[in-house]
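Note sheet for the following structure.
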Amino acid sequence: MNKVLYVNLTEESYHSEPIDPKTAELFFGGRGFGICFLFEHFKKVQQEGKYKNPFAEVNPLSADNVIVIATSPATGTKMPTSGRVHMNYKSPLTGALGSTNAGGRWAVEFKKSGYDLLVLTGKSPKPVYLVISSACVEFVEAESFKDLNSIETRTAIKEKLSKKAQVLTIGAGGKNLSYFASVLSDRGKALGRGGGGAVFGSKNLYAIAVLPGREMAIEVANEKNLQLKNKSGASYQARLKLNLGKFTKKEEHFGILSSMGSLGILGMVDNFGQLVHNNMRDTDHNPADIRKINGEALRNHAKNAKPGETRIEVKRGTCFNCPITCKRETRLIDGKGNLIEAGEGPEFESTALMGANLSIYDLAIITQANYLANHYGLDTISLGATIAAFFDLYDVVVEKAENLQPLEKKFLEEVEDFISEYGTPGFGKSELLIPLVHLIGKAEGIGRRLAKGSYRFCERYGHKELSMSVKKLELPAYDPRTSFSQALCYEMNNRGGCHLEGGYTAPHAYCAGYAEWPANRIEGTPLIAKNATLKNTTLDVIGACAYGSFSINLDEYAALISAVTGLEYNSGTLKKLASRVVTLEKVFNILCGLTQDDDWLPDRFYSETIQVKGFTAMCRREEFQKMHHEYYDSLGWDRTGKPTEEALKELDLLEILPNQFNR
């Protein structure tokens, strides 16, 4: 294979090219290919002379942005969890790196059509969807899909083409250019973070279908080493580790994910005092409330529902070649036994941000909101966090009562219609969640403002400090004051406030059985954070799921990749590959205008203490400044976070950089 498919939406044209061997060597696939081809696109735009610095000047919602969708050499192979897909673009939410990842089966079908990589440029003059096969690319009119949600669009395309077609779709969130609109794979696996759905919508691209047909074999160098019956082989050893891991082992052995799905994490996160609450003011939850929304609550919801109550029926599901089975397919049934809706989830992050962080502990309402978010195509982390910022802002402004600033008065004026129809905003008001998802998805009323994300919403009314975000990307479910290593990963993450791409450290002590790293430790934490960054970057590059990494280490992944490619990899070579990717992402952000000032958590975490398990927790700015410098230095960057010429040379990146990057 080793082919990239270029699609020009403006011209309705396409062509393919082989991937340069040097590019394949340096960036491998997935997130590596994503940043490489994203970077090359903006360099090409610069050469065309339209912009002096397109990295900073290109509007993310203009035709000059690009969408890069990438697989890896391991996609579709017997490497566990090898069905993931990665997408890159310039983010409308952050104004810098857009980077997102999802499971499912789309990536495998795309690879079987003969391609490793899809690069989408331009803007279609009318709504379209693409149909990709091994024979051709079709541009199909999609005007009739304008009022369909993402799930309906998927269904309509599959009915027209084939039930086996794999489809990426957007909903009204993407069409209305919500800054945190997602792209849906299947019925609930989201390429969610950073507004990629809005980039789709800005290009009048409603869906990308991959049509099964003459499937090409996904070749590997050492098939024997990947056979599960080969007890000395890499796949067998990886499966063995998954079957032993506390997080990933089978249901009959009380594995957390297989037993309860990702929502099985929630109770443990709360038990360790990390679960966010009321726009991250604190982590104080009543244990009885947590029992209403945790993994056990979802697993037993139908059994425990009283006559006449809404119930959730649950069954397990999985992504391609994944033995972990964290996916949950659910059905919401009303008190009379009628089906309200069916879909996927809710997952842990969705429940934490649209439930716990809003003081909403009704799992049926959270499930319905999750379905709606998938219909509209909205990132549930940013969605829940933005609603939380709205509630927090209302509390702050109303509490002042007198001496309101002009922007605060404007807020009260602009929220009047919402209050008149739905009531006053506030935490614990579960009756507001569904209306707010509708308003944001449709970009109506106050929802039009909220659809820009929490930072711009709060900034509009003079209180940007109430946006719990880094680089304008909303933070996930772990309060950073309760884990300094996770806090540092939030800050250093190139796509913004995220627990995955920048490193996932918060739950290791209690989810994976690893030695506990003290939550408030400073010494050594930058190295922990850097290693977590490189590990999760490696997973995105090779196309593996983060959950598998709780049981499989980098050397074991290297054995799998060696079997796939026939080349010799080890944890060291994978970490260097990841360093190259992270460093080029950093350069991209610098060229977009980001500085070290963007590598900080909101002030709340440096000024407001919380009580966690008997101790007072707060981030201390001077200590974090020290950790910033140590983290930068560990990657070969200077004290401002700019990669040094020596580091760029060591990583073979010097020739890639544009002239205006002052080395």
Side-chain angles (χ1 to χ4, degrees), residues 6-14 34-69 87-100 118-130 139 142-143 146 168-183 191-208 377-379 382 443 448-449 451-453 455-456 459 471-473 494-496 585 587-594 658 660:
Y6 290 94
V7 174
N8 186 312
L9 292 164
T10 304
E11 300 174 358
E12 292 197 351
S13 64
Y14 67 93
I35 184 58
C36 176
F37 281 81
L38 178 72
F39 209 94
E40 287 300 318
H41 168 80
F42 280 90
K43 283 175 59 180
K44 182 178 179 181
V45 170
Q46 183 179 36
Q47 291 165 2
E48 292 169 352
K50 186 176 178 181
Y51 303 93
K52 183 178 180 181
N53 176 11
F55 295 86
E57 297 172 43
V58 165
N59 184 330
L61 299 178
S62 74
D64 289 327
N65 201 356
V66 64
I67 299 168
V68 181
I69 303 177
M87 187 167 79
N88 284 87
Y89 42 89
K90 184 178 179 183
S91 166
L93 186 65
T94 69
L97 177 69
S99 180
T100 186
L118 174 62
V119 177
L120 298 154
T121 57
K123 176 181 179 178
S124 174
K126 59 184 183 298
V128 297
Y129 69 90
L130 302 181
F139 298 79
E143 188 70 35
K146 214 163 192 177
L168 300 178
T169 60
I170 62 169
K175 296 166 190 173
N176 293 329
L177 308 183
S178 165
Y179 282 15
F180 52 87
S182 62
V183 177
L191 291 155
R193 310 241 59 197
V199 182
F200 263 60
S202 72
K203 294 181 177 297
N204 275 328
L205 178 62
Y206 286 3
I208 305 174
L378 297 171
D379 171 26
S382 287
R448 184 164 62 94
R449 307 298 184 192
K452 302 298 183 185
Y455 185 90
R456 289 174 179 81
E459 183 182 45
K471 303 178 181 70
K472 302 184 178 69
L473 183 70
N494 286 321
R495 76 170 175 182
E585 289 175 339
V587 172
F588 183 88
N589 277 351
I590 291 171
L591 290 169
C592 287
L594 270 59
Q660 77 263 35

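Note: hydrogens, waters and symmetry copies are ignored here, and every other heavy atom, side chains too, is used.
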Practice problem: To the nearest 0.5 Å, tell me how far Ile208 CD1 sits from Ile69 CD1. | Solution: 4.0 Å
Practice problem: Among residues two or more places apart or on two chains, list those pairs meeting side-chain hydrogen bond (donor to acceptor under 3.5 Å, both in side chains) that have a residue in residues 170-182. | Solution: none
Quiz prompt | Any donor-acceptor N or O pair under 3.5 Å, side chains Ser62, Asn59 | solution = no
Quiz item: Where the side chain of Thr100 meets the backbone of Met87, is there a donor-acceptor pair that is under 3.5 Å apart?
Solution: no
Quiz item: Quick one: does Lys123's side chain have a donor or acceptor within less than 3.5 Å of a partner on Asn204's backbone?
Solution: no
Quiz prompt | Which atom of Leu61 lies closest to which atom of Pro92, heavy atoms considered | solution = CD2-CB, 4.0 Å
Quiz item: How would you list, by chain and number, every residue that makes a side-chain hydrogen bond (donor to acceptor under 3.5 Å, both in side chains) with Thr94, sequence neighbours excluded?
Solution: Ser91
Exercise. Using the test ring pair (Phe, Tyr, Trp, His ring centres under 6.0 Å), find all partners of Tyr129 that sit at least two apart in sequence or belong to another chain.
Key: Phe145
Practice problem: Taking only Lys NZ, Arg NE, NH1 and NH2, and the carboxylate oxygens of Asp or Glu, determine whether Glu459 and Lys452 approach each other closer than 4.0 Å. | Solution: no
Quiz prompt | Under the ring pair (Phe, Tyr, Trp, His ring centres under 6.0 Å) test, residues paired with Tyr14 that sit two or more places apart | solution = none
Quiz item: Got a sec, which residues hit side-chain hydrogen bond (donor to acceptor under 3.5 Å, both in side chains) with Glu57, two or more places apart in sequence or on another chain?
Solution: none
Practice problem: Show the numbers, then the answer: is there a side chain to side chain contact (heavy atoms under 4.5 Å, CB included) between Tyr206 and Thr169? | Solution: CA-CA 6 Å; Tyr206 286 3; Thr169 60; over 6 Å; no
Quiz prompt | Residues which pass ring pair (Phe, Tyr, Trp, His ring centres under 6.0 Å) with Tyr51, listed by chain and number, not counting sequence neighbours | solution = none
Practice problem: If the plane angle is over 60° it's perpendicular, under 30° parallel, otherwise tilted; pick one for Tyr6 and Phe37. | Solution: tilted
Self-check item: Closest non-hydrogen atom pair between Cys592 and Lys90, with its separation
Solution: SG-CE, 4.3 Å
Exercise. Measure the CG-CG distance between Asp379 and Leu93 for me, rounded to the nearest 0.5 Å.
Key: 8.5 Å
Quiz item: Which pair of non-hydrogen atoms, one from Arg193 and one from Ser382, has the smallest distance, and what is that distance?
Solution: NH2-OG, 3.1 Å
Quiz prompt | N/O donor-acceptor pair under 3.5 Å between Asn88 side chain and Leu97 backbone | solution = no
Practice problem: Indicate the atoms forming the closest heavy-atom contact of Val68 with Leu38, along with that distance. | Solution: CG2-N, 3.9 Å
Practice problem: Taking atom CZ of Arg456 as the centre, report whether more than 12 heavy atoms of other residues, nucleotides or ligands fall under 6.0 Å from it. | Solution: yes
Quiz item: How long is the gap from CG on Leu191 to CD1 on Ile67, to the nearest 0.5 Å?
Solution: 10.5 Å
Self-check item: Closest non-hydrogen atom pair between Asp64 and Val45, with its separation
Solution: O-CG2, 4.3 Å
Practice problem: Work out which heavy atom in Gln46 is nearest to a heavy atom in Lys52; give both atom names and the distance. | Solution: NE2-O, 3.1 Å
Quiz prompt | Steps toward side chain to side chain contact (heavy atoms under 4.5 Å, CB included) verdict (Val66, Phe42) | solution = CA-CA 8 Å; Val66 64; Phe42 280 90; 4.2 Å; yes
Self-check item: Under-4.0 Å salt bridge between Glu40 and Lys43
Solution: yes
Exercise. Would you indicate whether the side-chain heavy atoms of Ser124 and Leu205 approach each other to under 4.5 Å?
Key: no
Quiz item: For Phe200 and Tyr89, what are the C-alpha separation, side-chain angles and deciding distance, and is it a side chain to side chain contact (heavy atoms under 4.5 Å, CB included)?
Solution: CA-CA 10 Å; Phe200 263 60; Tyr89 42 89; over 6 Å; no
Quiz item: Okay, side chain of Asn589, backbone of Leu594: is any donor-acceptor separation there less than 3.5 Å?
Solution: no
Quiz item: Side chain of Lys203, backbone of Gly122: donor and acceptor closer than 3.5 Å?
Solution: yes
